[in-house]
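A quick write-up on the structure given underneath.
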Amino acid sequence: MDIVIVGDNKRKFLDLLFLADEQEDMIDKYLDRGTLFALYDSDLKSICVVTEEGNGAFEIQSLATYPQFQGRGYGRHLIGYVCNYYKGKGTIMIVGTGDSPTIILFYENSGFVFSHRIENYFLEHYNKPIFEAGVQLKDKVYLKRTL
């Protein structure tokens, strides 16, 4: 596996970014200021966008793996890589995600713990309902991991 930092033309990864964040204007809020990591295993499998949030905090804004490659450890490997990359540059990695038990369990199994919740975030910030595993997302759940 190879992980590269993408400096130019981050928008060419929109198809994969839309798997993690379905609304383009929300992606636009972090893509230009974020660092995009792309994981290749013969070809592109997964991407992650991380932003610096100040006070030693970095945030995973987007993490996505093509559906046919999910469950093979690519996302977990990418999380380990970015947390190691930012170790010494900051003190904490945070991630905000939908209130889906499957997604939350994925992050907990990757070393994150619950931080806080913003109620009705997806209802108030997205133009259409967002669903995960057939359940409409309402709250945004933040998790954190010490770097």
Side-chain angles (χ1 to χ4, degrees), residues 1-53 56-118 121-122 125-126 128-147:
M1 280 185 267
D2 293 313
I3 297 174
V4 298
I5 294 175
V6 177
D8 296 325
N9 200 13
K10 296 177 196 174
R11 296 188 73 73
K12 76 177 183 179
F13 295 89
L14 275 177
D15 65 325
L16 198 46
L17 288 166
F18 283 137
L19 295 177
D21 197 335
E22 298 178 18
Q23 194 165 301
E24 191 167 353
D25 68 328
M26 296 299 277
I27 293 170
D28 290 341
K29 292 180 180 182
Y30 59 79
L31 187 58
D32 287 340
R33 69 183 184 95
T35 301
L36 191 147
F37 297 85
L39 183 149
Y40 293 86
D41 189 8
S42 70
D43 58 358
L44 181 64
K45 300 291 194 268
S46 189
I47 57 100
C48 179
V49 178
V50 179
T51 57
E52 186 172 356
E53 298 301 317
F58 290 89
E59 183 172 352
I60 296 173
Q61 296 287 346
S62 243
L63 173 68
T65 301
Y66 283 117
Q68 65 269 31
F69 303 118
Q70 291 176 0
R72 297 185 187 181
Y74 292 118
R76 192 174 323 276
H77 184 76
L78 195 48
I79 286 174
Y81 181 90
V82 298
C83 286
N84 190 53
Y85 179 88
Y86 287 103
K87 193 174 201 167
K89 297 175 181 150
T91 57
I92 192 165
M93 182 66 70
I94 58 176
V95 62
T97 190
D99 53 342
S100 163
T102 304
I103 297 171
I104 292 170
L105 183 61
F106 168 78
Y107 283 110
E108 288 174 339
N109 288 336
S110 298
F112 287 80
V113 296
F114 177 81
S115 173
H116 63 282
R117 169 186 303 265
I118 299 176
Y121 181 88
F122 288 94
H125 291 89
Y126 283 80
K128 62 178 185 167
I130 305 293
F131 291 88
E132 176 67 34
V135 177
Q136 184 176 354
L137 301 180
K138 296 177 185 169
D139 299 345
K140 187 170 188 177
V141 176
Y142 280 89
L143 298 108
K144 61 185 178 181
R145 175 177 164 174
T146 302
L147 294 175

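This is a predicted model, so every value here is computed, not measured. Only this structure's heavy atoms are used, side chains among them; waters, hydrogens and symmetry mates stay out.
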(message) Between D43 and K45, is the side-chain contact (heavy atoms from CB on, under 4.5 Å) condition met? List the steps.
(response) CA-CA 6 Å; D43 58 358; K45 300 291 194 268; 2.2 Å; yes
(request) Mind checking the CZ-CD spacing from F131 to E22? Nearest 0.5 Å is all I need. (result) 9.5 Å
(message) To check you understand the geometry: which heavy-atom pair defines the closest contact between L63 and C48, and what is its length?
(response) CD1-CB, 3.9 Å
(message) Under the criterion side-chain contact (heavy atoms from CB on, under 4.5 Å), I'd like the reasoning laid out for F69 against L39: C-alpha separation, chi angles, the key distance, then a yes or no.
(response) CA-CA 12 Å; F69 303 118; L39 183 149; over 6 Å; no
(message) Other residues, nucleotides and ligands only: do more than 12 of their heavy atoms fall within 6.0 Å of NZ on K89?
(response) yes
(request) For D2 and Y40, indicate whether the former's side chain and the latter's backbone hold a donor-acceptor pair under 3.5 Å. (result) no
(request) Output the distance between atom CZ (F18) and atom OG (S62), rounded to the nearest 0.5 Å. (result) 10.0 Å
(request) Look only at the side chain of H125 and the backbone of Y121, and say whether a donor-acceptor pair between them is shorter than 3.5 Å. (result) yes
(request) To the nearest 0.5 angstrom, please state how far the CG atom of L14 sits from the CG atom of L31. (result) 7.0 Å
(message) One thing to verify: whether D8 and K10 come together as a salt bridge, which I'm taking to mean a side-chain N less than 4.0 angstrom from a carboxylate O.
(response) no
(request) Considering non-hydrogen atoms only, spot the tightest contact between Q70 and T65 and give its length. (result) NE2-O, 2.9 Å
(request) State, to 0.1 Å, how close F112 and C83 come at their nearest heavy-atom pair, and which atoms those are. (result) CZ-SG, 4.4 Å
(message) Testing the basics here: between S110 and R145, what is the closest heavy-atom pair and its distance to 0.1 Å?
(response) O-NH1, 2.7 Å
(request) Check for a donor-acceptor pair, side chain of R33 on one end and backbone N or O of T51 on the other, with a separation under 3.5 Å. (result) no
(message) Before you tell me yes or no, could you show the steps for Y85 and I5 under side-chain contact (heavy atoms from CB on, under 4.5 Å), namely the whole-Å CA-CA distance, both residues' side-chain angles and the distance that decides it to 0.1 Å?
(response) CA-CA 11 Å; Y85 179 88; I5 294 175; 3.5 Å; yes
(message) Testing the basics here: between L137 and F122, what is the closest heavy-atom pair and its distance to 0.1 Å?
(response) O-CB, 3.4 Å
(message) Please give me the minimum heavy-atom distance between D21 and Y126, naming the atom from each residue.
(response) OD1-OH, 2.9 Å
(request) Measure the spacing between NZ of K140 and CD1 of I130 and express it to the nearest 0.5 Å. (result) 12.0 Å
